Every structure is written in C-alpha cells, then in structure tokens.
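Worksheet for the structure shown next.
Please read these numbers as outputs of a predicted model, since none were measured by experiment. Here is the naming used below: chain letters follow the sequence lines, and residue numbers restart at 1 for every chain. Hydrogens, waters and symmetry mates play no part in the numbers below; they use all other heavy atoms, side chains included.
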Amino acid sequence: MPLRLYNSMSSQVDEFRPLSDNEVRMYACGPTVYDYGHIGNFRTFVAVDILRRVLVQSGYKVRHVMNITDVDDKIIRNAARDGVTVQQYTAKYEKTFLEDAAMINIEEPILVRATEHIQEMSEFVRRLVEKGIAYRAEDGSYYFRIAKFPQYGKLSKKDFSGMLDGARVDVDDYDKDSARDFALWKAPKPGEASWETPIGRGRPGWHLECSVMSMEELGESFDLHAGGEDLLFPHHENEIAQSESLTGKPFAHFWFHARFLLVEGEKMSKSLGNYFTLRDLVLKGHKPSSIRYLLASVPYRNQLNFTFDGLKQAAVSVERLRNFRLRLSSGNFPAGANPDMQRLASETTDRMREALNDDLNTAQAQAAIFEMVRQANAAFDTGAIRKDDVAPLLAALAKFDEIFAVLDDDDVPKMKRVLDWARAEGREKDISAALREAVQAGELSDSAIESKIAEMKAARASRDFKTSDRIRAELTDAGILVEITKDGIRWRRK
RNA sequence: GGCGCGGUACCCAAGUGGUAAGGGAGAGGUCUGCAAAACCUUUAUGCGUCGGUUCGAUUCCGACCCGCGCCUCCA
C-alpha cells in the first residue's frame, strides 16, 4: 500500500517512489522574509510538514530543504523605508517566521539562505551564458532565453510554441530579446543591495535561488519539490527551465502544490479586512493547536475555508482527543485484553495509513481516529476496556499525533510568548481578554492546583459539597477545568 | 479571453456507478449531590440547476448558473 501523491507534472495521482531506496530528498519554497507570516503561508507549510511526517512514518529518511528568500524588491524597499540594512531587516522576520512555524509544530527543515549562495548563483549564470542559454543585457542584467528550452511550459501546461522561433517582442523597460525571457540576475540600481561577482555586480533573481540551492543541497535530480499553487507558474516553470537546460537531467520528479485558503469564504486580502497573521489569531485568544488542526483538516489540494467558527470547532475537536487520551491514561482497568479493542486499534491504524497514503487525505484520517474514540469511549462506559487494551489504543492515537501534532498541550506557554511579544512591541491594545485568561490559567502552578484539589477531596469526604463547589468555581475562574469521575478528581487547563 | 479547481445537511468537510465518512452546533435521553466528561438517539429519499447515458448517478457526459485559482508580485 504505497504512498500515492498528486504530481502537478503528470497532472494525476502517481505512486511515489524515491530515486534512492530509503531516502527522500525534497525541497520546499520557503518564505520571503519581509513581514509576519499569515495563515495562508502556514497552510502551505503545514501541508508540507504533513507530507514530511507521512514520509517519515513510512520509514523514509527525509532530507527536507527549505529556502529563506532574504533579498528581493520588497525587502530592499522596506529596509530602506525603515532605515536598516537588508540583513537587519530580514533577520527579524526570519526569526519570527521560525518562531511561528514552531508554534504550530512545523518541524524545522534544513534552511538555506539566498544571500549565502550568491557566488554559486553567479557561477550558475556564467555556465548558462557559456551554453548560449542565458544572455547579458546592456544594463548588466542576465536573462534566460526560453527559446532555448523547447519544453518550457511543461509544468504549467502552457503553450509557448509561438515564442520559440525567437520572434522579437518589444518591451519598454528591458532590453530582453523576448518578452517571456525572465531575469536570472538583476543589475544593481542606485542604493540597492548588490554583490560583486565574476559576472558583474548585482543580485540574483528569485527563480535562480531555488534552482541553485536545491541542486546544491539535493543533487541535480531529486525527488520532490513543493510550494504554494501560485508558484507553479512562473516560478517553478522557470526553475525547471534553468536547471534542466544546464544539467540535461530531470530536475524534481514530483511537484507538490498546496492550494490557497479562503477566509470566511473570501480570498484573504488586506483590503477586505480578512488578512490574518498567525500572531493575530493568537492575540485573539486562539490556541496554536486549534490553528494547526484546522489548517490540517482539509486535504491540501482542496480549497480550505478558514473561519472563526471553524477555529472554535477545531478547538473542541482537539479537546475531545486530548480528553480521550487523558481518560485512557488515567483510568483504572481490569486485567486482561478485549479482542474487540485490540482489533479496533489495529484497524484504525490501518485506516489512517490508507487515508494518508491516498494523497494525504487528512480528513479521512481524522474520521478514522474519531471513530475509534467513539467506540473506545463506549466500551469504556460499559467496562469493556481491559488493562492490556490501553497500550494499543494509545499507540493508535500516537500514530495519529505523529502526523497531526496537536495532542500535547503546550498551548499556554506558546500563547504567553505571543503575549509578551505584543507587550514588547507596544501592541497592548491588541491583546484580547481571551488571551489574557488563557495565559493566566498557566500562571497557577501544578502544585498550587493539586493542593486545591486536595482541599476539594477532603470537603467531599465529609459531604461538604458547598466548600467543594466553591473551590471548583475558583479553579474554573482561573481557567482550570475540574472533573469529578468515579476514579477520582481530574483537572486540566482549559 | 486561455488553462484549471470546486459547488454535499445549520456550519466545516470526506466519499462513491447501487442508494451519503467524520467533526462542530441543535434537540431528547443515560450517568451524576450538582457540574464536567462520556455514551445513546435524532438532524440531507438528498449531494448547484436542467438534460443525457445506464437496470440504476450525488458519482460518467453535455449545457447553464454560482464561487475560486493561475495566466503579473503573491503560500
């Protein structure tokens, strides 16, 4: 039951087999670090993270490389606006991007930065010029001549045959030979960041970065290249053109594209007022685990409608799973094993595996785990779960969480970091009451809570429900949920 | 205009040529000193509209309506 993935190159779901036996070499286009990351960015990165985790769970060794684009027009412009160097400017946003990714449990790939590979990029251009594929314009910029790459358009399924005869098209701004020829290297403009290289002074074009860094880290041919759906054309098309015309070998074998999300049914945009960074959502009091769960719950090739209602629903779903785990791990069970539960656990594991192998169908994997939770809870209520059933059920849950990564409750410390950040940035007014409350629940130490619980137990022993209820209410106000069960009193942070 | 994706219950959202996963929300119930948690029952003869193919279509084909994407910086 091998992994099957949609390949944008073949336009169909194909069986995924890496070029070498056990290792998968994948490259993902990362962020341009000019601002805080928004939830659309993170939809894509969560999708790639899930792919990576599925590959690891399948037993592959994964070499996952992601670039940080730390020089481009926007960065240069914003840095100038703020009166800082490009390096100072990008350092801040690279850091915040990585913090945000970690906040929603995205495992960190091997990072490569454009500005650390300038010489290699110039060398790449030089070799393309030598082959007659690239040419230098009068201003010192270099362009790729797409007429030299007849397969141009094979990824995006566009027909450029009309341009392959080298027909000259007049373009106002540049002295390109053809309108479609794209920039490999940009000559410096006054005041812009630029580097001295053997091909002249300037800076790399965006497409060039990814070709150079991916091949350097992964070889001339590698397994999979990922990115947002918008990158399919021209970015990835151009990467293919540059790379394959230079090496004469196939570049990436699989092309993985994540679809854009909608926010409240509309395209996310600043003008519509539905543009949210990850931090905006946490400031509103939403948990990182809710955000990750929602982003992961719709298969990556479908449009995901991101809504605040959905975010609340995601929070409840995560709670339900966490509750189930707590129930299993804290309950008392009679000795022995129940074959039904053993079977339930293994069938669920299989169903999740099948769902994920089917082009990462996360929705079906979730359906499988909830089916197990419901049945196991029902068995729990009738006392049908035995001691030896607990481990396999927890193992199935752990398999689920190896992919979804939402069960461990570290939301509060993460939210506290965002709160501290907002204060440090002078954004006090953006901190919601919900966030303050959530963080407050984390201020009460475990031992302080335990002593309150002990008081409750003592009061209940003498049937002093009034005192017990008062303490419970206090804890509830402090954001601690207290549950009285037949196995004793259980608590957790909301 | 060219190319592509989608329209499934109150909301989110899978899926299939043979009669609709899962989650949330709502209603009723069980349990409970009360809560909480959990479980049970219940909520689409119906899957954008209209035709066609078929023994049979939500699933295939066609037209139309609506939403969205790429074609230019964009995850």
field: Atom P, compared across B:U43 and B:C70: separation rounded to whole Å
entry: 41 Å
field: Check: B:C34 base within 3.5 Å donor-acceptor of A:Arg472 side chain
entry: yes
query: Taking the same atom, P, in B:G26 and in B:A36, what whole-Å distance lies between them?
result: 12 Å
task: Nearest whole angstrom, please: distance from the P of B:G33 to the CZ of A:Arg463.
output: 7 Å
statement: Atom CG of A:Leu321 and atom C1' of B:A38 are separated, to the nearest Å, by 14 Å
field: Along RNA chain B (nearest heavy atom to each residue), the more 5'-positioned of A:Asn377 and A:Phe465
entry: A:Phe465
- prompt: Could you state the CD1-C1' distance from A:Ile489 to B:A37, rounded to the nearest angstrom?
  reply: 14 Å
- line: In A:Arg492, A:Arg292, A:Arg322, the residue satisfying salt bridge (charged side-chain N to carboxylate O under 4.0 Å, His left out) with A:Asp411 is A:Arg322
task: Take the angle between the ring planes of A:His207 and A:His235 and call it parallel below 30°, perpendicular above 60°, tilted in between.
output: tilted
message: What I want to check is whether the side chains of A:Arg463 and A:Ser468 have a donor and an acceptor closer together than 3.5 Å.
response: no
Under 3.5 Å on both distances, the Watson-Crick or G-U partner of B:C68: B:G4
query: Paired with B:U45: which nucleotide, if any, by Watson-Crick or G-U wobble criteria at under 3.5 Å for both distances?
result: none
query: So, A:Arg327 and A:Asp381, do they make that salt bridge, N to O below 4.0 Å?
result: yes
- prompt: What integer distance in Å separates A:Gln366:CD from B:G15:P?
  reply: 13 Å
Distance flag, aromatic centroids of A:Tyr36 and A:Phe97, threshold under 6.0 Å: no
query: Is B:C39 paired to anything, Watson-Crick or G-U wobble with both distances less than 3.5 Å, and if yes, which nucleotide?
result: B:G29
message: More than 12 heavy atoms of other residues, nucleotides or ligands under 6.0 Å from NZ of A:Lys154: yes or no?
response: yes
statement: Side-chain atoms of A:Gln364 come closest, of B:G22, B:G15, B:G33, to B:G15
- prompt: Parallel, tilted or perpendicular for A:His225 and A:Trp255, by the 30°/60° rule?
  reply: parallel
query: On a whole-Å scale, what distance lies between the C1' atoms belonging to B:G51 and B:U58?
result: 16 Å
query: Is there a stack between A:Phe370 and B:G23, judged by ring centres under 5.5 Å and planes under 30°?
result: no
- prompt: Counting only non-hydrogen atoms, which of residues 306-316 of chain A are less than 4.0 Å from RNA chain B?
  reply: A:Asp309, A:Gln313, A:Val316
- prompt: Which value, in whole Å, describes the distance between the C1' atoms of nucleotides B:U8 and B:C47?
  reply: 4 Å
task: In whole angstrom, give the distance that lies between atom CZ of A:Arg351 and atom P of B:A14.
output: 16 Å
message: Taking B:A21 as the reference, what is the distance to B:A44 when you measure between their P atoms (whole Å, please)?
response: 12 Å
query: What is the base-pairing partner of B:C60, counting Watson-Crick and G-U wobble geometry with both distances under 3.5 Å?
result: B:G52
- line: The nucleotide from B:C68, B:G24, B:A36 with an atom nearest the side chain of A:Gln303 is B:C68
message: With rounding to the closest Å, how many angstrom separate the P atoms on B:U16 and B:C10?
response: 24 Å
query: Reckon A:Asn302 has a side-chain N or O less than 4.0 Å from the OP1 or OP2 of B:A14?
result: yes
- prompt: When the ring centroid of A:Tyr6 is compared with that of A:Phe254, is the distance short of 6.0 Å?
  reply: no
task: Take atom CD of A:Glu483 and atom C1' of B:A36, then tell me their distance rounded to the nearest Å.
output: 5 Å
field: A:Tyr34 ring center near A:Tyr93 ring center (under 6.0 Å)
entry: no
task: Could you tell me whether the side chains of A:Thr69 and A:Asn67 share a donor-acceptor contact shorter than 3.5 Å?
output: yes
field: Pairing partner of B:A9 (Watson-Crick or G-U wobble, both distances under 3.5 Å)
entry: none
A:Phe404 CZ - B:G23 C1' separation (whole Å): 12 Å
task: Would you kindly give the CG-to-P distance between A:Asn305 and B:U8, to the nearest whole Å?
output: 11 Å
task: Check whether any side-chain N or O of A:Asp181 sits under 3.5 Å from a backbone N or O of A:Ile146 as a donor-acceptor pair, and report yes or no.
output: yes
message: Whether A:Arg320 contacts B:C39 is assessed here as follows: a side-chain N or O lying under 4.0 Å from the phosphate OP1 or OP2. Is that the case?
response: yes
message: Taking any heavy-atom pair under 4.0 Å as a contact, classify A:Glu266: base, sugar-phosphate, or nothing.
response: nothing
query: What distance, rounded to whole Å, do you find between the two C1' atoms, one in B:G62 and one in B:U45?
result: 26 Å
Between the protein and nucleotides 70-75 of chain B, list every N/O to N/O distance that falls short of 3.5 Å.
unit_1: B:U72; atom_1: OP2; unit_2: A:Arg180; atom_2: NH1; d: 2.9
unit_1: B:U72; atom_1: OP2; unit_2: A:Arg180; atom_2: NH2; d: 3.4
unit_1: B:A75; atom_1: O5'; unit_2: A:Asn41; atom_2: OD1; d: 3.0
unit_1: B:A75; atom_1: O4'; unit_2: A:Asn41; atom_2: OD1; d: 2.9
unit_1: B:A75; atom_1: O2'; unit_2: A:Thr44; atom_2: OG1; d: 3.2
unit_1: B:A75; atom_1: O2'; unit_2: A:Gly228; atom_2: N; d: 2.7
unit_1: B:A75; atom_1: N7; unit_2: A:His38; atom_2: NE2; d: 3.3
unit_1: B:A75; atom_1: N1; unit_2: A:Leu261; atom_2: N; d: 3.2
unit_1: B:A75; atom_1: N3; unit_2: A:Gly40; atom_2: O; d: 2.7
unit_1: B:A75; atom_1: N3; unit_2: A:Thr44; atom_2: OG1; d: 3.2

- request: Identify whether any heavy atom of A:Asn361 sits under 4.0 Å from a base atom; if not, whether one sits that close to sugar-phosphate; answer base, sugar-phosphate or nothing.
  value: sugar-phosphate
- prompt: Just checking A:Arg460: base, sugar-phosphate only, or nothing, at a heavy-atom cut-off of under 4.0 Å?
  reply: base
message: Could you check whether A:His286 and A:Phe308 have their ring centres less than 6.0 Å apart?
response: yes
message: By nearest atom, which of the nucleotides B:G33, B:A14, B:C39 is closest to the A:Asp469 side chain?
response: B:G33
query: Does A:Arg490 or A:Ala367 map to a spot on RNA chain B nearer the 5' end, using the closest nucleotide for each?
result: A:Ala367
query: For atom P, what is the distance between B:A25 and B:C66, given to the nearest Å?
result: 35 Å
